[in-house]
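As C-alpha cells, the structure follows; a few thoughts come after it.
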Amino acid sequence: MDAATAATATAAAALVWFRKGLRVHDNPALDAARRSAARVYPVFVLDPRYLRSDPAAPSQGSARAGVARVRFLLESLRDLDARLRRLGSRLLVLRARDDVSDAVCAALKDWNIGKLCFESDTEPYALARDKRVTDFAAASGIEVFSPVSHTLFDPAEIIEKNGGRPPLTYKSFVATAGEPPKPVMEEYSELPPIGDTGGYELLPVPKLEELGYGDVSQEYIPPFRGGETEALKRMRESLQDKEWVAKFEKPKGDPSAFLKPATTVLSPYLKFGCLSARYFYHCIQDVYRSTKTHTKPPVSLAGQLLWRDFFYTVSFGTPNFDQMEGNKICKQIPWIENEELFVAWRDGRTGYPWIDAIMIQLRKWGWMHHLARHSVACFLTRGDLYIHWEQGRDVFERLLIDSDWAINNGNWLWLSCSSFFYQYHRIYSPISFGKKYDPNGDYIRHFIPVLKDMPKEYIYEPWTAPLSVQEKARCIVGKDYPKPVVDHEAASKECRRRMGEAYASNRLGGNPVKGNSSNSSRRKFSDGGQDVPDSSMSKQPR
DNA sequence: TTCTGGTTGTTACC
DNA sequence: GGTAACAACCAGAA
C-alpha cells in the first residue's frame, strides 16, 4: 500500500513499531499512523536476546552487542521518547520475555489495534521476525503499513529494475538507481494521544547500569551520544562547512584523526535511523547547489550514502550474503584457523601498534575511521594472518556502534578480496600506512598509553628500538608490549601466494565436468558452477 | 571475445 | 606531490 492510500484508511488505534528508524522526522510509518488513527501507540520492544549480559563475551555487553552500542541505543530511545512527549505522546517501552514478535502480537491483540505501521527492514533476521508479526496481523484482520524509509531506495525495486539480480558494481548500481525519493518532512505540532494500555507496566527506557553489565568504565564511553536530536545537530554542523562538503573525497580522509574525525561520524545515527538517509542526502544536495563545484560519487559525501544503498541492495538479493559457504558472489578461500592469532588481533595485541591502536579504539569507542577498518580487516584476512573474514566480521558486528549487517558484511567481503574487490596484491602495510598520516604516532600514543613515550622513530615498529630506548620509554617489547605476532614481509608474501592459489582453484572450481564452455559467457546464477575458464589461464588442474 | 575501469597499496624515484 | 613498476584481479559493456 502506498502512503496516500494508507493516509485515507481510518482505524481507531494504530501501533507504530519502532526498531530502526528511531526518529520523528521523515518517518512515513509514524506519519501514516498519525493521519489514520485517533489513538497512536508508539512502541519499542527491548529484546532480551540482544541485551542480556554475557559474562563469557570478550568484552562487556551482551553476546550480540558491546556496551558502547547498547548505550547508544538507550540514548537514542530516551531522545525519541522526549521528542514524542513534545508532541503529546510518548514511547511505550515493552520488554519481550523471549521473542520480540510475540510481544508485538500480544500488544496488537490486547490494545485492539486496527493498524500496524513499521519501517521495512531487509535483514534476514528482521524479515523472519516481521513475517511472524505480519502473519498474525493478517490472521487477525489488522491492516499493515510497512514503508521503505531506512534506505534511499527500495532494494527489491532496484533488483527488479536490474533484471532480477542485484547490480554487483557500484557504477551499475548508480546507473540503475537514479534519483532517490524525497523525504517526508511535513511539520506537525502534535500526535494523537496513546490509548488505554490496560495492565501493561509502562517503564522508562532503562539505564545502562540496570542491564547487568557491571561497572562500565568511563574509559569505554565513546565521544558520540545517541539520538535524533544529536544526529540532526551533528549533520547541520557537518554541512555548515560547505567547502568541506563540496570537496569531500572519502579515500583522502585521515584515519588517524581522532580528536576531530575526518568524516561526519553520522554512520551510527544512520544505522539506528536517528537520521534519515533521504533527508541527509537532500541536505547534501542543497549544499551542492550553493557551491560552484563539488565532488561526485563514488568519493563524494552523497556518494557514501549510495554505497550504503549498494550494499543493502546486494545483501538483499544474495542468499547467504553473510557467509562464504553457499554465497554465489563470494570466493571460496581456504582460510586458516588460528585461535591464538585471532585473539591477538581481536584484543589489540598483535605487536603492530597501528593495528592494535585501531582495535583498542574499536573496543573503547565502537567507531574507527573507514581506512583504519581497512587496515585491520586486511591484516586479519588476506594481508597477514589469513584468518576467515567471518571471524573479523563477528568482532566488528558486536563492537561497532554503527554496526550494520549489510554494510559490515559487504565491507568484509570487499576487504578480504572475497567479492566486489579482487586486487589481492594490494596490501596495507601495518607500519607505513599509518605513518603516512601520523608520523609522530599521536593516535597510537592515545590508545596505547604504554607506548606514549616511545620515540617517533620507533613508535610504529617498537621491536626495532634498541633496548636502551625501550628502557627509557618504560616499554620493553615482549614484556610491556607484545612482539609482532607475524613478520609482515614474510606473512604478506605468503598470503599473496595463497590468494593466487585460491583464485586459481576458484576459476577451476564449480563444476568443470558438467560445465559447458559454449555456455560460458552467460553468468549462471541458478547453479553452483562458475564458468569454466580457458585452460591456458589456469594452473595445473588437480 | 575483448576491452575498460575500478572510492581508499607500496615502494622507488623524480 | 606526482608517476611508474610491481603482478594481474573481476563485472559489465561493447
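Throughout, protein chains are lettered first and strands after them, A, B, ... in sequence-line order, and every chain is numbered starting at 1. Just so it is clear, the values below take in all heavy atoms, side chains as well, and ignore hydrogens, waters and symmetry mates.
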Strictly by Watson-Crick or wobble contacts shorter than 3.5 Å, is anything paired with [N], and which nucleotide is it?
N	value
B/dT8	none
C/dA8	none
B/dC13	C/dG2

- Message: Donor-acceptor pair, distance only, cut-off 3.5 Å: does the side chain of A/Tyr386 make one with the backbone of A/Asp384?
- Response: no
- Query: Heavy atoms under 4.0 Å, any strand shown: does A/Leu371 hit a base, just sugar-phosphate, or nothing?
  - Reply: base
- Query: NA contact type, A/Phe433, heavy-atom cut-off 4.0 Å: base, sugar-phosphate, or nothing?
  - Reply: sugar-phosphate
Less than 6.0 angstrom separating the ring centers of [X] and [Y], yes or no?
X	Y	answer
A/Trp354	A/Tyr443	yes
A/Tyr424	A/Tyr503	yes
A/Trp367	A/Phe258	no
A/Trp307	A/Trp414	yes

Determine the interatomic distance between [atom1] on [N] and the same-named atom on [M]; round to the nearest Å.
N	M	atom1	answer
C/dA8	B/dG6	P	22 Å
C/dA13	B/dT7	P	14 Å
C/dC9	B/dT11	P	23 Å
B/dT4	C/dA7	P	23 Å

- Query: Choosing from C/dG12, B/dT10, C/dC10, which nucleotide comes nearest the side chain of A/Tyr422?
  - Reply: C/dC10
- Which nucleotide in B/dT8, C/dC9, C/dA11 has an atom nearest any side-chain atom of A/Lys250: B/dT8
- Paired with A/Leu362, the side chain to side chain contact (heavy atoms under 4.5 Å, CB included) test is passed by just one of A/Val376, A/Leu399, A/Ile401, namely A/Leu399
Just the rounded figure in Å: distance from [atom2] of [N] to [atom1] of [X].
X	N	atom1	atom2	result
A/Trp354	B/dT10	CH2	P	11 Å
A/Lys171	B/dT4	NZ	P	12 Å
A/Tyr170	B/dG5	OH	C1'	15 Å
A/Leu415	B/dG9	CG	P	10 Å
A/Phe421	C/dG12	CZ	C1'	18 Å
A/Leu413	C/dA11	CG	P	13 Å
A/Met499	B/dG9	CE	P	15 Å
A/Tyr437	B/dT10	OH	C1'	12 Å

Please write out each protein N/O paired with an N/O of nucleotides 11-14 of chain B under 3.5 Å, distance rounded to 0.1 Å.
unit_1 : atom_1 : unit_2   : atom_2 : d
B/dT11 : OP2    : A/Ser432 : OG     : 2.9

- For A/Leu266 and A/Ala231, which heavy atoms make the closest approach, and how far apart are they? CD2-O, 3.8 Å
- Nearest heavy-atom contact between A/Pro180 and A/Tyr281 is CG-CE2, 3.4 Å
- Item | Spacing of A/Met324 atom CE and A/Ile329 atom CD1 [to the nearest 0.5 Å] | 13.5 Å
- Task: Report yes or no: is the cationic atom of A/Arg64 (NZ for Lys, CZ for Arg) under 6.0 Å from the centre of the six-membered ring of A/Tyr125, at an angle within 45° of the ring normal?
- Result: yes
- Query: Near DNA chain B, which residues from residues 296-306 of chain A have a heavy atom under 4.0 Å away?
  - Reply: A/Pro298, A/Val299, A/Gln304
- Task: Flag as yes if A/Tyr503 stacks onto the base of C/dC9 (centroids under 5.5 Å, planes under 30°), otherwise no.
- Result: no
- Matching residue for A/Ser59 among A/Lys364, A/Arg363, A/Arg398, A/Arg346 - test: side-chain hydrogen bond (donor to acceptor under 3.5 Å, both in side chains): A/Arg398
- Given protein heavy atoms under 4.0 Å, the one-letter contact record of nucleotides 1-8 of chain C, with B base, S sugar-phosphate only and - none, is simply ------B-
- Could you tell me whether the phosphate oxygens of B/dT10, OP1 or OP2, come under 4.0 Å of any side-chain nitrogen or oxygen in A/Lys436? yes
- A/Ser149 and A/Glu119: side chain to side chain donor-acceptor pair (under 3.5 Å), yes or no, with the steps? CA-CA 6 Å; A/Ser149 52; A/Glu119 179 180 73; 2.7 Å; yes
- Item | From CA spacing to verdict: side chain to side chain donor-acceptor pair (under 3.5 Å), A/Asp402, A/Tyr269 | CA-CA 7 Å; A/Asp402 59 17; A/Tyr269 303 92; over 6 Å; no
